[in-house]
Amino acid sequence: MKNYASNRVRNVVLLGHSGSGKTTYSEAALYYSGATKRFGKVEDGNTVSDYEAEEIRRKVSINTSVIPVEWQDTKINFLDTPGYFDFAAEVKLAMNVADTGLIMVSAKSGVEVGTEKAWEYCEEMHLPRIIFINQMDDENADFEKTLADLRKNFGKAVAPLQIPFNDENGNFIGFINLIKRDARKKVNGKLEKCEMPEDKKDQVEVLRSMLIEVAAESSEELMEKFFNDEELTEEEIYDGLQVGIANHSIAPVMCGSATLGYGVKLLMNTIVRFTLPAIEAKANFHAFHDGKDVVYCSSDDERFSAYVFKTIADPYIGRLNLFRVMTGKLDTTMSVYNEEKDTVEKVGRLYVMRGKEQIEVDELHSGDIGALAKLSNTSTQDTLSLKDANIIIPKIALPGSVLCMAIKPKGKGDEDKLSAALTKIREEDPTIKMEVNPETKQTLVYGVGEQQLDVMVQKLKAKYKIEVDLTDPIIPYRETIKAKASVRGRYKKQSGGHGQFGDVVMEFEPSYDTTTPVIFEEKIFGGSVPKQYFPAVEKGLQECVQSGVLAGYPVVGLKATLTDGSYHPVDSSEMAFKMATSVAFKEGIPQAKPVILEPIEHVEVLIPDKYMGDIMGDITKRRGRILSMDAVGMKKCIVAEVPTAEMHKYATDLRSMTQSRGEYRHHFERYEEAPMEVQKKIIEARAAEKEK
């Protein structure tokens, strides 16, 4: 592949609902541009984009793939992203290095949740949009309905550049260019000019007028000409469209079938003609220089900097970091510097990726996308630059890892291997998080959804030869007391020679501070217990509160006061007073009305208005308390407090209730007394565990 100057590079991210044809389109673009000799199919598992074993097995994209296509002396870097929402981080990271969003919409399914999210992401990340209505060859395809749905959901910015027409049997055979009033149909595999169907002429004129109006709105000169009823030339319309696409006021719509190759070349022509070169699209971007927010200019003349948007950590092909050159250019003679990790690394070999294929190149210009192998200390969202450049490109916020599961290897002695493998998987997917809970001793993994964690399990098995079980995490309940109790604890043991004697009178009462296990005080008068034994009593308490009397959970919110006791000048010892304290604890806590506390989560659920009733009802069923309902843009945010035990797999349930339109975040708020029926179940479950 030859080197392309910055003004001949386009970066286009493929977006849309799963199954809308993103991978098929990237395959078609490769095939019709001559980059490949075979048109791969998702069903056959032989596409360039979906090359991982899990992608082939599931027949869906899981990772973002870079698909560079050479067209009209321009390099179009297509970024094929997953449609499943569990892998939204892949989508957002790819969008952060793209300049245009190409939203694929199924002509048979119309606007789906993935279409809505793609549009929202483009708005959020300030990307121009082009829409391609795909799968026009399907017998259930309906262009008019799909276009109407698009305009209903996204407004008059949606502007068709072409409309399809069918043969006498209702089969899609061609389309009409609205600007040129030019009809073409497929004949022997090629598009040929033909007469415009009579039944389409009126529709063409109506849509053409709408298109000219939105194009004219891009400049005062064109608007004046339009309002004076002067005819806009084709070139003026094209220029107006280019400006409108760049400023996001126009989202042009094209149609075709990636499977049959209809519209594939025309769409690439449109990308080259209407979208901005990479160097212009991000002509100015924000970064931190010595900690200050500075606007940088994307240019070959600037010093080199790059943003790493993806890491591939494969046990066979090694480690690859995919990046976009933000400023300057990179060649194989250079060394790069990671400001955040304070690491200098030699470039050695420089690649562009085509799926899993590594194509070696000599240099990359500003705006282009490439890959470096075997960088020792570089991660996703790191900035690469020259030494002393002091530049850090801001990281973007990724979807929250809200689903938690406990992970355990099936094989004995695989714990260390599992930890190392998870570290490599986390390099590839930064939304997967891992921690060891010091209380439960469980290794916990967090992800965006069940599908993502299931893929992780399969990767562990296939790539790293580790089989694991995912189970529900143990809920960290607590115990406390609600009343006051005073008891004597006596420990006496005689076995020849020195004996053991300790005697304490302890007063237990609630401290109402659930963040602290125990507060110890002493109110000894007259030296009934010598001062040297006070630390032993406190230490005994610290050990006792590790396991409560109801279900063996840690005790919190306890105030213990040593009020009296006695000692023996010979037989008393620190050990004896620790044991006496333990006796007092075991006898006194049951008298002080012990209860079980459960963790409570602060939950914020963001949903479209129409799901308010269902979500509020569901939160109530989960024993939750709704605190407020706030408007956030076009959506509603429900703020509630819900027991942690009721939130397990809520990510999956919320997705099901809202057709994947809802999202939430949560954090631990506090501990609270559990209802008596819940306490009873917890105690019974704990007893059953001990019997096993």
Side-chain angles (χ1 to χ4, degrees), residues 21 28 32 104-111 130-217 222 225-238 240-241 244 250-270 273-274:
Y32 289 108
M104 308 295 287
V105 183
S106 168
K108 60 181 179 180
S109 304
V111 174
I130 296 175
I131 298 171
F132 185 72
I133 299 178
N134 192 22
Q135 300 167 352
M136 285 299 304
D137 56 308
D138 191 278
E139 60 181 15
N140 296 313
D142 191 333
F143 177 84
E144 277 79 15
K145 181 179 181 301
T146 303
L147 181 61
D149 284 351
L150 286 165
R151 293 187 75 99
K152 178 183 175 184
N153 280 273
F154 310 130
K156 71 172 188 176
V158 174
L161 299 186
Q162 54 181 194
I163 60 170
F165 62 90
N166 301 334
D167 62 15
E168 60 275 8
N169 298 317
N171 297 316
F172 168 66
I173 55 167
F175 26 69
I176 302 163
N177 182 316
L178 294 179
I179 298 173
K180 294 182 177 181
R181 299 184 179 95
D182 178 34
R184 292 175 183 267
K185 68 177 182 180
K186 203 91 166 179
V187 178
N188 298 323
K190 292 184 178 180
L191 279 175
E192 293 184 0
K193 268 194 171 187
C194 64
E195 287 292 320
M196 187 190 303
E198 283 293 325
D199 63 339
K200 292 290 180 182
K201 288 183 177 178
D202 290 343
Q203 184 185 11
V204 166
E205 292 309 312
V206 171
L207 291 175
R208 188 175 189 274
S209 296
M210 292 166 60
L211 180 62
I212 291 171
E213 183 179 352
V214 294
E217 288 176 357
L222 292 180
K225 199 171 179 182
F226 177 78
F227 282 124
N228 290 332
D229 292 327
E230 295 180 45
E231 186 76 19
L232 269 65
T233 66
E234 285 184 12
E235 198 58 35
E236 285 175 329
I237 297 171
Y238 285 135
L241 287 173
I250 299 174
V253 180
M254 303 185 71
C255 64
S257 166
T259 305
L260 298 181
Y262 290 2
V264 173
K265 294 179 181 179
L266 280 173
L267 181 52
M268 288 194 286
N269 291 345
T270 302
R273 172 67 178 83
F274 289 112

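Sequence positions, counted from 1, serve as the residue numbers for this chain. All values below come from the heavy atoms of this structure, side chains included, with hydrogens, waters and symmetry mates left out.
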Between CZ on residue F175 and CG on residue D182, distance to nearest 0.5 Å
10.0 Å

With sequence neighbours excluded, residues passing side chain to side chain donor-acceptor pair (under 3.5 Å) with T146:
none

Check: F165 and C194 side chains under 4.5 Å, non-hydrogen atoms:
yes

How far does CE of M136 sit from SG of C255, to the nearest 0.5 angstrom?
5.5 Å

Between E236 and T233 (side chain of the first, backbone of the second, donor and acceptor by atom type, cut-off under 3.5 Å), is there such a pair?
yes

All heavy atoms of L222 vs all of A216, minimum pair found to be CB-O, 3.6 Å

Distance flag, aromatic centroids of F143 and F172, threshold under 6.0 Å:
no

Take M254 and I133, measure what side-chain contact (heavy atoms from CB on, under 4.5 Å) needs, and give me the verdict at the end.
CA-CA 6 Å; M254 303 185 71; I133 299 178; over 6 Å; no

So, D149 and R151, do they make that salt bridge, N to O below 4.0 Å?
no

Measure the shortest side-chain to side-chain distance between K193 and K185 over non-hydrogen atoms and say whether it is less than 4.5 angstrom.
no

Between K225 and E231, does any NZ, NE, NH1 or NH2 come within less than 4.0 Å of an OD or OE carboxylate oxygen?
no

I'd like to know if E217 pairs up with K156 as an ion pair, taking the criterion as any Lys NZ or Arg NE/NH1/NH2 lying under 4.0 Å from an Asp or Glu carboxylate oxygen.
yes

Result of checking L211, N177, L178, V253 against L161 for side chain to side chain contact (heavy atoms under 4.5 Å, CB included)
L211

Enclosure of E234 CD (heavy-atom neighbours >12, cutoff 6.0 Å)
yes

Is the number of heavy atoms from other residues, nucleotides or ligands within 6.0 Å of CG (N169) greater than 12?
yes

Applying the side chain to side chain contact (heavy atoms under 4.5 Å, CB included) criterion to I176, which one of K200, Q162, R208 satisfies it?
K200

Can you check whether L147 reaches P160 side chain to side chain, under 4.5 Å on heavy atoms?
yes

Rounded to the nearest 0.5 Å, what's the gap from CD1 on I130 to CZ on F274? Could you check?
8.5 Å

Cationic N near anionic O, under 4.0 Å, E235 to K180:
no

Could you tell me which non-hydrogen atom of V105 sits nearest to which non-hydrogen atom of G110, and how far apart they are?
CG1-O, 3.5 Å

Please indicate whether K186 has more than 12 foreign heavy atoms, meaning atoms of other residues, nucleotides or ligands, lying under 6.0 Å from its NZ.
yes

E198: partners by side-chain contact (heavy atoms from CB on, under 4.5 Å), with sequence neighbours left out
K201

Applying side-chain contact (heavy atoms from CB on, under 4.5 Å), name anything that partners D199, two or more places apart in sequence or on another chain.
P197

At what distance, to the nearest 0.5 angstrom, does CD of Q203 lie from CE of M196?
10.5 Å

Working to the nearest 0.5 Å, report the span between OG of S109 and CG of N140.
9.0 Å

Rounded to the nearest 0.5 Å, what separation is found between the CG atom of D167 and the CD1 atom of I173?
5.0 Å

Can you check side-chain contact (heavy atoms from CB on, under 4.5 Å) on L241 and I237, steps first, answer last?
CA-CA 6 Å; L241 287 173; I237 297 171; 4.2 Å; yes

Which atoms form the tightest heavy-atom contact between G21 and N134, and what is the distance?
CA-ND2, 3.5 Å

Could you go through Y262 and D137, starting from their C-alpha distance and side-chain angles, then the distance that decides it, and tell me whether this counts as side-chain contact (heavy atoms from CB on, under 4.5 Å)?
CA-CA 9 Å; Y262 290 2; D137 56 308; 5.9 Å; no

Passes side-chain contact (heavy atoms from CB on, under 4.5 Å), D142 versus K108? Steps please.
CA-CA 6 Å; D142 191 333; K108 60 181 179 180; over 6 Å; no

